[in-house]
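Here the structure is laid out as C-alpha cells; the discussion comes afterwards.
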Amino acid sequence: MIEFFPLDIDEIFEDNESVIRLFGRTINGERICVLDYNYEPYFLFEGNKEDVEELMITKEDITYFVTKIEEVKKKYLGEESKFWKVYVNNSVAIRLLAKELKNKGGVYEYDIDFCKRYLVDKEIIPSRLYKIDGEIVKKVEYNVDLVVEVKNIEQNSESFEKERILAFDIETMDEVILVISFYGDDFKKIITWKKVKGEGIEVVDGEEELIRRFVEIINEYKPDYLVSYNGDNFDFPFIFERARKYRVDLELNVDGSNIRLNRNKTRLIGVLHLDLYKFIRKNMAVNLQTDVLDLGSVANEILGRGKKEIKFEVVFENLDDNIGKLCDYCLNDSEITYMLCKSLLVNLEELGKLTGLSLFDVCRASYGNLVENYLMKRSREFNEIILSKSGYRMKREKYEGAFVMEPKPGFYKNLVVFDFLSLYPSIIVTHNIGLGSFGKGKKVPGLDYRFDNKKKDFIPLVIEDLINRRRRIKEIMKNEKNKVLDARSYALKTVANAMYGMFGFIGARWYYRECGESITAYARDYIKKVIEEAKKEFEVIYGDTDSVVCILGNKTKDDAFKFLEKMNKELPELMELELEDFYKRGIFVSRKDGGGAKKRYALINEKDEIKIRGFEAIRRNSSEIAKEVQKNILKIILEEDDFEKALEYVKKIIKDVQEHKIDINKTVIKTQITRGLDEYSSVGPHVAVAKKMILNGVEVKPGMVIRYVINKGKGLIREKARLLEESEDYDEEYYINNQIIPVVEGIFEVFGVDKEKLLKEQKKLGDF
DNA sequence: GCGGACTGCTTACCT
DNA sequence: ACAGGTAAGCAGTCCGCG
C-alpha cells in the first residue's frame, strides 16, 4: 500500500485503450506516477438497447466499438429514470459513437474531458491524500522515483503541503535569450552565456547551452510546481522558438517526452506549470486596486514589496558592462514570482479542493470553468446527469438585469448605507431557482415564470451548502484570523457568486436564461421593497442592485439599526440585509445630459476613508492631471466641507496647465486596444496612435494599453494624439477644456457654480 | 463647404 | 468568453444654410 498526493493527470493510449496516469508525490516525498488500466470510458443513452449493441465505427484503421452495456438509474433535472451506460473501447470512441445515436434517442455525458470524468467518478481531488494498492512497474524513461499500476484507490483526507516550488524568468534582447534565472526552496540560480563575473552566476558557452541547462536544472530539481509570470505567452513560447533553432529537445515532461507548445498554455506532463499572471488576470484582478497587472505592480500590492527596476535602454546600449545588472534583475523577478506563488498558493489550493481542478487548471480557469467544474463534481453525489454543452449553437438572448435608482444630485451629510449579503446566491436558494424546479409553483414577480419550492433542486442545494459552509468559516474566524480559512471562504464566495452569471452564459452546461432572468426579477423586487420601507424612515438618495443609500436626517444611528432588524425579521431566512457603514458626507452629481448620474458618487465615513465610485478619478482612460484634480477636490469637499477652497485649488491648477507647468507624464491618457485595428469602425485617438505604432514596426496586440498625449495642432483630437515619447509639449487648451473642466464642473454644479461661471473663470485665466 | 445637433461606437466602470 | 446597467468622450453623420 502506498499513500500519495495526485497533482496532475493525463491520458495515454496503449493498444488503442485509454490509460489514466496520475502524477504526484508519495507521503515520503518520492515522485510517483500511478497508472490506471481499469477505468472504462462510457456515455449515457436513453432509447432502445438494440440501437447500441451493434454500434461500431472504423476510422483510419482504428475500430471504435461498444464493450458493455449496463442499465443505470440517473436523474435528469431531478427526475429519475433509466439509462443505458454504454461502455466503449477508448475515450475517442465516446464522442464518435454518441454522435451516431443522436437521432435515435437521448445521449448524455459524451462531451466530458476523459481525465475530468475519471476524477469525478473516482472522487479524486488533486492535492489530497490517497491510498493505493498496486504493483510497482519499471519505466526507465520516466523521471520519477516509482511507477505503480493501480488496482484500488481510496481517499484519505490530508492535503499536500510539502510542495517543491521552482520559479523562473528569462531576459531577452533582439530575439535572443540572454539570462535565465531560477528561484526555489533554498535554491537560486542565474545562467547566462554573456561573459560576466559575479557570485553564483553560471556562465555557459552560448544560447544553445543555456537552453540545455534550463532543461537540466528543472529535471534535477524535480519541482511539483514550476512557476512563471506570463510563461504561457512569453517565456515558454520564446524558449520553444530558440530551442527549435538549435534543435534542442525540451524534455521537460516527467515521462521523458518533449513538451509541446500550445497556443495559449504550456503544459508539462507531471509538473504543474503555474502561470501566476493568468491566475491574477482571470481571478484575482477584480479584487486588486491596480489595473496594471505587471509583476511589479502586482507584487507591490500583494506582497507589499516592489521589484527592482532597471533602465533597459541603458543596459542594452552597453550590454557587456551591464550584464551583471541584468542578471540581478532576472533573479529578482524569479524571487518575486516565487514569493507571489507562496502567497497565492493557499488560494489556488482552496479553489482546487473546492472544484476538483488541478492547480494547473485553477491557474487558467475562468469563473465559468470554476463553477462548472464544481457542479460536475457535485453532480455525482446527487446522481444528476451532467448536462452537455450546446449553447454555442444557440442565439444569446439578453434579459433585464438589476434595478438602479436615479440619485438626486446633491451634497449630503450623515448617510447610512444598507446592502444585501450575497443577494443573488441567497435568492437562488430561497426561491429554489434551478432547472429542475422551473415550470410550476410560485410565480416570479413581474415575470410569467414559476419555480416549485417543494423539492429543493440541485443547484439551489449546492449553493445553500456553499453559503452555509462560508457562514461557519466566518463564525470561526470571528475569534481568530486564519489564512487557510480566509482562502477557503474566498473560494466558496467566488463559486457561489459566479453561479448566477452561469445561468445567463450561453456556453455553460447549466445555461438557463429563465433562471438568470428570474434571479434579477426577484432582486429588483427585493431592493425596491427595501427602498419603499426605508423611505418611511429616512430620505433615500440612491440604490444600485443590492444597496440603498439613505440620509439619516433627524434619525439616529440607533434608528438605522432598528430598521435593519425590522427588515431582517421580514426577509426570508437566508436573505440578509446588512448595515454597510455610516458616512459623514457624500456627493452625488448630475449626468452631462441632465438627471442624476447613476454609478458616480463619493462618500466619506467616520474614519475619514473616502470611497469614490465611477468618477474619472478612478478611470484609466483619463489623464493623471484630471484624475488628480478630481480626487483632490473630492477630498477637500468631503473632508473639509469647503467647496470654495476646492474652487481656488482648481483655478491654481488650470493656471499651471495654461503656463505649461504640468509634468507631461501627467497628461498621458491610457486606453486599451481591445481588438484588431482593422476591426474598428470608429477610429478614436488610441486607435490612431496604435496605427502609427504599427507603421513604425511596433507590434500592437489586443489587450495592450496605448499611452498618448494630446499635442497642439489642428483638426480632430486623434490627429493631435501622439505617443508620450514623441510628444514635446501638451495642448493646454485640450487639457483644460476636455480633461479638467469636464471632471470638475459636475461636482461644482452641486454647489451652484454652473458651467458658465466656471468657463468665465477659465476665460479670465486664459487672458492672464 | 461649414457648423451644430444628434447617433453610435468605444472604454471602463458598478453591482 | 459568469451577468446586465451605466456615463462619457470622440468620431461619424445628417441637415440646414447660403
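Values below: all heavy atoms of this structure, side chains included; hydrogens, waters and symmetry mates excluded. Letters A, B, ... mirror the listed sequences (proteins, then strands); counts begin at 1.
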State, without any angle test, whether A/Asn621 and A/Thr671 hold a side-chain donor-acceptor pair at a distance under 3.5 Å.
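Not at all, the side chains of A/Asn621 and A/Thr671 share no donor-acceptor pair under 3.5 Å.
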Does [X] have a side-chain nitrogen or oxygen under 4.0 Å from the phosphate oxygens OP1 or OP2 of [N]?
X	N	result
A/Arg613	B/dT15	yes
A/Thr520	C/dG4	no
A/Tyr734	C/dC10	yes
A/His686	B/dT10	no
A/Asn621	C/dG9	no
A/Arg619	B/dC13	no
A/Arg718	C/dG12	yes

Between atom [atom1] in [X] and atom [atom2] in [N], what is the gap in whole Å?
X	N	atom1	atom2	value
A/Ile618	C/dA8	CD1	P	13 Å
A/Phe615	C/dG9	CZ	P	13 Å
A/Glu517	C/dG5	CD	P	11 Å
A/Met502	C/dA1	CE	P	16 Å
A/Ile506	C/dA3	CD1	P	10 Å
A/Lys398	C/dC2	NZ	C1'	13 Å
A/Leu351	C/dC2	CG	C1'	15 Å
A/Ile527	C/dG5	CD1	C1'	15 Å

Sugar-phosphate only, base, or nothing, as touched by [X] at under 4.0 Å among non-hydrogen atoms:
X	value
A/Gly401	sugar-phosphate
A/Lys282	sugar-phosphate
A/Glu400	sugar-phosphate
A/Val404	sugar-phosphate
A/Asp419	nothing
A/Gly368	sugar-phosphate
A/Tyr399	sugar-phosphate

Of the nucleotides B/dA12, B/dT15, C/dA1, which has the atom closest to the A/Phe505 side chain?
C/dA1
Of the candidate nucleotides C/dA8, C/dG5, B/dC14, which contains the atom at the shortest distance from the side chain of A/Glu616?
C/dA8
Please enumerate all residues that pass salt bridge (charged side-chain N to carboxylate O under 4.0 Å, His left out) together with A/Asp232, with sequence neighbours excluded.
A/Lys278, A/Arg364
So which of A/Thr430, A/Leu447, A/Leu423, A/Ile433 actually passes side-chain contact (heavy atoms from CB on, under 4.5 Å) with A/Tyr522?
A/Ile433
Report, one line per pair, each donor and acceptor closer than 3.5 Å where one atom sits in a side chain of residues 400-409 of chain A; sequence neighbours left out.
from, atom 1, to, atom 2, distance (Å)
A/Glu400, OE2, A/Arg524, NE, 3.4
A/Glu406, OE2, A/Gly596, N, 2.9
A/Lys408, NZ, A/Glu539, OE2, 3.1

Got a list of side-chain donor-acceptor pairs under 3.5 Å for residues 677-690 of chain A, not counting sequence neighbours?
from, atom 1, to, atom 2, distance (Å)
A/Glu679, OE2, A/Gly676, N, 3.3
A/Tyr680, OH, A/Thr674, N, 3.0
A/Tyr680, OH, A/Thr674, OG1, 3.3

Please tabulate, one pair per line, each protein N/O and nucleotide N/O from nucleotides 2-9 of chain B that are separated by under 3.5 Å, including the distance.
from, atom 1, to, atom 2, distance (Å)
B/dC9, O3', A/Ser681, OG, 3.1

Can you name the residues that form a side-chain hydrogen bond (donor to acceptor under 3.5 Å, both in side chains) with [X], not counting sequence neighbours?
X	result
A/Asn632	A/Tyr649
A/Glu350	A/Lys353, A/Arg488
A/Asn665	A/Asp663
A/Tyr730	none

Among residues 585-601 of chain A, which residues get a heavy atom nearer than 4.0 Å to DNA chain B?
A/Lys599, A/Tyr601
Go through residues 538-547 of chain A and report each residue with a non-hydrogen atom lying under 4.0 Å from DNA chain B, sorted by number.
A/Asp544, A/Thr545, A/Asp546
Excluding sequence neighbours, so at least two apart, what forms side-chain contact (heavy atoms from CB on, under 4.5 Å) with A/Val548?
A/Ile527, A/Val530, A/Ile531, A/Val540, A/Cys550
Looking at residues at least two apart in the chain, or sitting in another chain, which of them share a side-chain contact (heavy atoms from CB on, under 4.5 Å) with A/Leu261?
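A/Leu261 satisfies side-chain contact (heavy atoms from CB on, under 4.5 Å) with A/Pro237, A/Phe240, A/Thr266 once adjacent residues are dropped.
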Taking side chain as C-beta onward, heavy atoms only, is A/Gln672 less than 4.5 Å from A/Arg620?
yes
How about A/Arg267 and A/Asn262: do any of their side-chain heavy atoms sit closer than 4.5 Å?
no
